[in-house]
Structure formats: C-alpha cells, structure tokens
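Naming: A, B, ... by sequence-line order, numbering from 1 per chain.
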There are 2 protein chains.
Amino acid sequence: MNPEIIPNDGPSSTDTAAAGQKNIKMILKQLESDGIIGISVDCVIFGFDDNELKVLLIKSDFEKYENKWSLLGDLVNNHEDLDEAAYRILRERTGMDDVYLEQVKAFGEVNRHPAARVVTIAYCSLINIEHHQLKILDNELHWHRVTTLSDMAFDHRALLDACYAWLQKRIQEHPLGFSLLPKKFSLRELQNLYEAILDVKLDRRNFRKKFFSMGLLEDTGELETDVPHRPGKLYRFNYEKYQKKERKKWFGIDF
Amino acid sequence: MNPEIIPNDGPSSTDTAAAGQKNIKMILKQLESDGIIGISVDCVIFGFDDNELKVLLIKSDFEKYENKWSLLGDLVNNHEDLDEAAYRILRERTGMDDVYLEQVKAFGEVNRHPAARVVTIAYCSLINIEHHQLKILDNELHWHRVTTLSDMAFDHRALLDACYAWLQKRIQEHPLGFSLLPKKFSLRELQNLYEAILDVKLDRRNFRKKFFSMGLLEDTGELETDVPHRPGKLYRFNYEKYQKKERKKWFGIDF
DNA sequence: GCAAAAGTGTTGGAAATACACCCATGT
DNA sequence: ACATGGGTGTATTTCCAACACTTTTGC
C-alpha cells in the first residue's frame, strides 16, 4: 500500500476544482489496486429561482459518464469529519460558508463507482441562488431544473432522488425553506417555494393563516419593490423564537 | 412481505463472531499505519420485552472501553454492499434473517475510534425477542433497557440516541412496530409498545379507534391465552393492504 | 381606469380528545 | 363473588378546507 497518495489533511484547501478532480482519479486508481474502500461526500445543492427548484451540477469528467451531469463531491480527507468535508466542498464550489447542510444517506453499492469501490455520503444543502451569482461561470457548473433531468453520472440520480424526497418531507416539519429565499421575503415567494418543492397548489388564505399563526414571521415594515402590481409586505423568519419553542414529541399515529 | 424490509439475499456466513472480532483489530492496525479510512456498519438492534424497549449490546473488547457496552458492528467487506454488511452482522449475532433493517446515519468524526480512522454507518433493526431466545447466551451479549443506560464504548451512545430518536419518529408514520411483536398480538400489546417507545400515555379507546379506522388489522379469530383476566382478541397486521394504500404526499406544514 | 396581485373572515366537516360503563375470564 | 383488564359510544373541541370580495399599486 502506498500511504503517500492518501489525501492531504491540511486546513482549507486552495486547490481549484479542476485540480481536485485530477487528484481524485489517481487516488481512486490506487485505492482500487489496493482493494480499499474509499469514502467520499456528495452534495446535492438546491436553489430556488424563477419559481422552480434547481440543483447545482457539473459535467462529469469520467470517460464512462461523458456529458452526463454529476453532483459536487470529493473524497473525504483523512483528518476531516464528514460534515467538514461537505462544508469544504460547498466552500470550494460556491464560495459560501453560511449554508444549510444536512446529511441524508450513505450509498455503498459495490459497483456504484466504475473506478474503485467508493462509499459516498449524500448531503443536502440549500442555498440562496441570488447570493452567489458570481462564482458559477467557471468549469461546467450549472443550475438545473430538478423536475426535467435525466442522464446523471454514477448513481447520482439515486442520490438526488433521495435528497429531493428528504427535502419534501423535511420542509413540512422544519423551517428549512427560508434558506432558499432572501432574508426578507414576501408571503407570495414563500408560498411559491412550497408549491414548487411539494408540487401542490395551496390556498393563499389558508397558507397565510398557517404561517401567521405559528408566530415566527416578523414584519420588516418594508415592501416589495419593482413589482408591476401592489407590493407585498416583506417578512423575516425569527429563528430565535423557533429555537425556544418547545417541540411536541407526539404527532399522532398515521400511516 | 413488508416492502420496507430490505430483502436479504446473501448466503449465510459461517464466520463466528469471535473470529470476526480478532480480525478487526489486526485490520484496524493496518489501516491506521497506512493512513486509510476504514468503513464499518453498526447495528442498533431493538427488541420489546416486559413492556420495555430493549437494545442488544455486547461487552466491548477494546482495552480503552473495558466493561463498556458496545453495539454490534463490523468492518464492511470489500465486495459487499452496506445493507448486506448490516444483514450479515444480524445473521451472525442473532441467527435471524427476516428482520426489519434500515440505515439511519453515518458517523465520521475523526477520532471516534481509538485504533484508526473509521467511518461507521448506523443501522436500526427491530426484532421480536421471543423468536431468537436461543442464540443469546454465547459471548457477552445482552438485552439492555434503553432508558437506563450509560457508559457505552466509542460514540455508540450517539448512535443509539440517533436510532432511538429515529425510531420514535418513524414508528408514528410507518408500521414498524409490528416487527417487535409476535405475528399475532393483542391491541393491549400494541398500545404498550407505542407507550413505551414514545414515553406517553394514550387513551385506550382512542387508540383502538385509530388503528381500526386504518383498516389494516386483521382479526385472527384467536384469543390471548394464559392471561389472568378476560383474554383479548389477537390481530395480525395486513402488510399487503398497507402497500396498496396510496400515500398522501401532503401532510401539512407544521413546525 | 384597468390589470394584477395583496390582503382579509366565515363556515361546515373531519378528526382528535375526553370521558364512564358493562362484559368476559381466571382465581 | 371479585379482581382484572377487554370492549364499546358519545359529546365536545380543535383543526383544516373551501370559498369571494375589497384594496393597493404600476402602467
């Protein structure tokens, strides 16, 4: 075995994505020849734009998956936690640090990766597209509609499906959605978000009633601008109040 | 057959648990000296007995954790899926094959294992204690109350907590609970199960109403025996009917 | 003044909760 | 006969779903 080729451990890497990809291939080759299981993290990065849920993808650079879309991932460094690896990937690719991120599921099928045995941990991340417009244009990075999407590399379709299903469920029970919106948002935007993610139509009045009754939205006193109609009020989500709220452990049996 | 039970196909291994444990230490030493990340699976095996939720543990054989309780786990073989590894562990330790098993979470803190860097995938498993009474007595295997439990090896306490929280939530939305009971059970047993796992008191009449209204319990026509009071009817859970039922994707926002 | 979306209450039905009595069995 | 838990029905409340008109702004 060749210890030298194991990924470095230093603090935040300054490698470009392209350089990172090059290293990966060599490392994988080495892992495979040694019969070792590699560990990677893949990030399913969701954004919300134009009233649609988008996911951030890159063109795969594996021959076998030429021209297919791939999630953003990397091998886990030897001295970095899984969460740290996921945050590193986000930082390297989007330049963003204050991001919603949560582990969803491990994928470990023996042949899921053509170059070597690699177990990957899928992370789901939510970011506000507006906030990082700039960094996208390098590489082959693109926001892609979640609904109309096929031809993904590896088993990344399965990872995406798992994260999307996870998101649909999670967003109904936890206030994740606000990570996809600007800090100040109108109720219309919020409703559009829920309708897009859950693929349902909701009654506007009941939707408002629901959110106001939770008492977690703060009126900023500001209004929408640049809309060709009556502007809506802008709200802010009150995370502190949410934290303090006591959770009920009993929801009721239903299946 | 319950669709949520991941099918277990592999042929049954003939390794003994003891032999497995010996190998692990040598392999870990090798991993550490090569600076390689190992990957393991740990099973949190729940059972229900004496109206209490129990978890199956073994005495740790790592010096550092002498006399502490440890989950049942093993390194993942190079040509075995993660699910397969989990089923193998269950088979080796309990002799049971038709078991509820689901992945819960990966734990990858850098220093979670003293001997080497090991990322572990926690699986939650539910088994009917009655059905495998026999195989327990070897090793240092014991059923332990979930509530009164401390001093666990590694980060196994965190794994257990994650699986227990997962179970509490999951059992309210999916019919897992029946895996912990005999095939034929009384409503009292079922209610005791829910009360124990969720740590709540439930109204007996409303509980019955709830389950009967789901229409998934089949009256077996049989009655309890050996009870010092009026015997209750025995029911069976109808998995087929449950599968066919259409799930609603919309539950309602609530947090 | 017109188009477009914001904002607002009420009502009926369904589901959850609270609650008390008789019944069947073993001892 | 009595102790123990099995089995059942109803009234009340709470929550959710359906539904229409007036207001504000930009053009």
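Across all strands, B:Lys209 comes closer than 4.0 Å to base atoms (heavy-atom distances).
Annotation: side chain to side chain contact (heavy atoms under 4.5 Å, CB included) contacts of A:Lys184 (sequence neighbours excluded): A:Thr220, A:Glu222, A:Leu234, A:Arg236.
Within residues 187-200 of chain A, no residue has any heavy atom closer than 4.0 Å to DNA chain D.
Closest to the side chain of A:Arg230, from the set C:dT8, D:dT8, C:dA4, is C:dA4. Nearest nucleotide to the B:His229 side chain, out of C:dG7, D:dT4, C:dA20: D:dT4. Listed nucleotides C:dT17, D:dG7, D:dT4 differ in distance to A:Trp250; the shortest reach to its side chain belongs to C:dT17. Set against C:dC19, C:dT25, C:dA4, the side chain of B:Asp203 has C:dC19 as its closest nucleotide.
Spacing between atom CG of A:Asp226 and atom C1' of D:dT25 amounts to 13 Å, rounded to whole angstrom units. Going from atom CG of B:Leu223 over to atom P of C:dT25 covers 7 Å, rounded to whole Å. Distance, A:Lys210 NZ to C:dT8 P: 18 Å, rounded to whole Å. Atom CZ in B:Phe211 sits about 17 Å away from atom P in C:dA15, given to the nearest Å. Here the C1' atom of nucleotide D:dC19 and the NZ atom of A:Lys201 are 17 Å apart, to the nearest Å. Taking atom CZ of A:Phe251 as the reference point, atom P of C:dT17 lies 13 Å away to the nearest angstrom. Computed from coordinates, the A:Asp254 CG to D:dC16 C1' distance equals 14 Å when rounded to whole Å. The distance between atom CZ of B:Phe207 and atom P of C:dA16, rounded to the nearest whole Å, is 14 Å.
A:Phe237 has its ring centre less than 6.0 Å from the ring centre of A:Tyr239. A centroid separation of less than 6.0 Å is found between the aromatic rings of A:Tyr194 and A:Phe211.
Nearest-nucleotide assignment on DNA chain D puts the 5′-proximal partner with B:Arg204, out of A:Pro231 and B:Arg204.
Contact of the B:Ile45 side chain with the B:Ile127 side chain is registered, since non-hydrogen atoms from C-beta on lie closer than 4.5 Å.
In terms of polar N and O atoms assigned as donor or acceptor, the side chain of A:Arg208 never comes within less than 3.5 Å of the base of C:dG7 in a complementary pairing.
With A:Tyr235 as the aromatic partner, A:Arg188 does not meet the cation-pi criteria of under 6.0 angstrom to the ring centre and within 45 degrees of the ring axis.
A salt bridge links A:Asp254 with B:Lys248; the closest basic N to acidic carboxylate O contact falls under 4.0 Å.
In this structure, B:Lys169 places its NZ atom where more than 12 heavy-atom neighbours from other residues, nucleotides or ligands lie under 6.0 Å away.
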